[in-house]
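Here the structure is a predicted model, which is why all the values come from computation and not from measurement.
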Amino acid sequence: MKIMKGLSAAFAATCAFAAITAVASVGSRTGYSFYGGTQNDTIPTAGKMLPGEVAQDTTAFKGKPYEGSDIMLTARAYGDRIVLRWAPSDYAAWMRLNLIGYNIYRWDEKNHCDTLALGLKPKTLEEFRAKYAPNDSVATIGYGLIYGDNLKKPTETREEPGSYGSMLEMYDDQVTSLAFAILASEWRQDLAEDMAMRFVDRNVRKGARYTYIIQPARRFENDNMFIKGKEVSNVENKPYVPAPYNVGLTDSITGQLAVTLYWTDKHNSSFEIERRVAGTQEWRRVNSKPYMPMYKQDLDDKDEEVMYVDNVPQPGTYEYRVMAHDAFGDTTAPSETLTVKVGDMKPPKGPTITLVNIDRPDETDPTKQIFATISWEKDTVEADLAGFLPLYYNERFTGNDWKPLCEKTLPADAREVKVDVTGLSTGMLVMAAYDEAGNVGYSMPVQLRISDMKAPDAPSNLRAEVSADDGTITLRWDKPADDDVAYYELAYANDTTHHFLMRNQGQLKDTMFVDTVQMTVNQRFIYYKVRAVDYSNNTGEFSPILQVERPHITPPTQPHLDSAWVDNSGIHMDWVTGLDADMYYHRIYRRLENSSTWDLIAIVTAEDVLKASPDGVIHLTDKPQTNNSYYYEYMVVSFNRSEIASEPSLIFSARFADFTEAELGIKAVGTYDPVKDEARLSWEHKAVDGKQTPYYYCVFRKGKDEADYTFLCSTEPDMPLHTDQLLSPGESASYYVVVRFTDGRRSQPSNKVTITAPAKAPSKAK
């Protein structure tokens, strides 16, 4: 039975005796009920319905009849006797059965029935008081629950009388009363018999098997409470051998000489704990009364861990075992023995620091060596005192820990020590006392005052990040090696010959500072330096001066194209850039004329441009892939040191095509047709390779007083002929033909043909 898991309906005797039944190694059969109307002296038959069950009258009930209460029964054989244990399933049935009593019957293997008890009831109050002493607390609990008047009344509940909460509170009180009655019957066999919850059958044969039935002795007229009887069958009378008690006993040391034991038991409610010194034979019970734990787990938890705290008399090695009280008043077999080593956990009393003296032996440099002489007293010297150790604390030096000022523990009789505190600053000091078990006692903390005379080193790696978006300069630097830097001071000037002014207001704790500067001033640079100040107000040297170029918001000069040409080696361009003082670099972009995105093909620094051309001209040669269908487009953008971009240059376009001349062997001939008064030019050539490529003819002409040939016209591939009616009488003109392909290629020109018109045109035939 599990006790003290919360006073609720779940804390009922049904839960308790379910555990009792699980202990018994016998079968049980339900379904026996007593519903008789007068004193029942009829012997029931094993395995049959009890008298009166068939005559049950349900006419007074609406819907499903009340199913009744149970008498939970179990048995245990010992060889010379068989013990019956039982308990009603609820408080109301228990009170009724205490009033009317129990009948007990036994069958042997020959189906012979014996009546063992009729109307078995608890002893009267007077009999209890006569038998048990007034200071017998367990007996007082037992018969007090039967005859006492301690249950809550409706007017005594927290809720309003008659409400659901009030009735539930009264019900919980009844459940608790029955649970404690069952618990008392587990602790005391004599009390269990006197409370009519136990019966011992001594008239049994060893090795024989028996069946037992228990039932209510009678019921009152017009009583609608149904209490079912119970049978336990096939009980073999042989000596009882307790089963091993495996509860997984474990421990932890939770205090000075305090051992906390843990074990898990799902069935039993009270326990006995025994201890002995390791190596001895005699066990000693450490609890004066059965130990009934208060469980931490909720009612639905499967694992129910029991906890017991034992205080041992002195350090040493001990052995423990536990046993449980079961439903029959027996204790279980002992658990396996657990060995526990209990050490000394009591720290020695802390000493008292009486004097701390600081010594600086080097007069020329007081920071070179610093010693502290510490004196202390201890009015109580424990027998196991092992020694002392001075401990120092300063968060800047030790973090969250205390740092020992000696390499090893000082002897137990030491009362003074001289320690090296060079490099430390003022902090807290304690003297720790250790015993042989490692326990520590501490003195009250005192202040270890060490005057710091050494200034911190200069910060290093001063650097800057400039942003033209908001005119800020982010300065960063590395912390010096000194551990006691309290803050920094940042100074600035517009020229190294000027007086530096402090830039930060107040103490600058971080190794970073964001400065906002004017972007329209005439000075190109601004200069910074930083120094550290320690907690003793020692001021260090400044870092080397850092020159930073101010951010500028004015865009640089827009670049423009000066000249360009194309040949077989590439596309050549001369881009003129601005000579701005803060010009930083230039980006050159290219794209095909049908593309929407630009490709970055080069980044040229302003410094490299000026080295190559003092006029700031970028000489660029680009050799892209040949493309006979589209032009390449170019653009240049300049940037200053504040990453502000210029306006993009105007776009320059050029074609880098395949200009290889096709060898077609064009042969041209020309005549003058006097009838039509026109010059006629015709030609022929080899077949064109890849006739899939479209092509056409271009005719070039050089007339009178013309210095060079000019394009005259074009004709389709199926028309290798051209007529010219522009010649005047006696005038001559020269011609040649070229084949052009739509992909940009062309042929070699044909031979040149000269045609002359007659001086006087002949008359036309009529």
Pair [X] + [Y]: basic N to acidic O under 4.0 Å:
X	Y	value
Lys479	Asp457	no
Lys704	Glu731	no
Glu465	Arg476	yes

Any side-chain heavy-atom pair from [X] and [Y] closer than 4.5 angstrom?
X	Y	value
Val753	Trp683	no
Cys406	Val419	yes
Val566	Phe656	yes
Leu424	Leu405	yes
Trp263	Thr250	no
Val637	Tyr585	no
Tyr735	Lys752	no
Arg680	Leu721	yes

Regarding [X] and [Y], is there a side-chain donor-to-acceptor distance under 3.5 Å anywhere?
X	Y	value
Ser734	Thr754	yes
Ser649	His560	no
Asp470	Ser467	yes
Glu647	Gln558	no
Gln625	Tyr632	no
Asp677	Tyr672	yes
Asp365	Thr367	yes

Legend entry - From Lys676 atom NZ to Gln725 atom CD, the distance as rounded to the nearest 0.5 Å: 9.0 Å
Legend entry - Rounded distance (nearest 0.5 Å) linking atom CZ of Arg590 with atom OG of Ser595: 11.0 Å
For [X], does the [atom1] atom sit with more than 12 other heavy atoms under 6.0 Å from it, leaving out its own atoms?
X	atom1	value
Glu541	CD	no
Tyr630	OH	no
Asp718	CG	yes
Arg449	CZ	no
Tyr584	OH	no
Glu593	CD	yes
Lys408	NZ	no
Glu395	CD	no

Inset, instruction - Show your reasoning for whether side-chain hydrogen bond (donor to acceptor under 3.5 Å, both in side chains) applies to Thr260 and Thr254. - result: CA-CA 6 Å; Thr260 301; Thr254 54; 2.8 Å; yes
Inset, instruction - Apply side chain to side chain contact (heavy atoms under 4.5 Å, CB included) to the pair Leu546 and Tyr527, showing each step before the final yes or no. - result: CA-CA 6 Å; Leu546 175 67; Tyr527 301 89; over 6 Å; no
Legend entry - Check: Tyr697 ring centroid to His685 ring centroid under 6.0 Å: yes
Inset, instruction - Flag the pair Tyr488 / Trp477 as yes when their ring centroid distance falls below 6.0 Å, and as no otherwise. - result: yes
Legend entry - Atom of Tyr393, atom of Gly399 and distance for their closest heavy-atom approach: CE1-O, 3.2 Å
Legend entry - Trace of the side chain to side chain contact (heavy atoms under 4.5 Å, CB included) decision for Phe513 with Asp515: CA-CA 6 Å; Phe513 182 80; Asp515 191 17; 3.9 Å; yes
Legend entry - Steps toward side chain to side chain contact (heavy atoms under 4.5 Å, CB included) verdict (His586, Val609): CA-CA 9 Å; His586 313 276; Val609 171; 4.0 Å; yes
Inset, instruction - For the pair Leu681 and Asp724, evaluate side chain to side chain contact (heavy atoms under 4.5 Å, CB included) and give the outcome as yes or no after the intermediate values. - result: CA-CA 8 Å; Leu681 181 70; Asp724 184 7; over 6 Å; no
Inset, instruction - Evaluate the ring planes of Trp575 and Phe652, with Trp represented by its six-membered ring, and classify them as parallel (under 30°), tilted (30 to 60°) or perpendicular (over 60°). - result: perpendicular
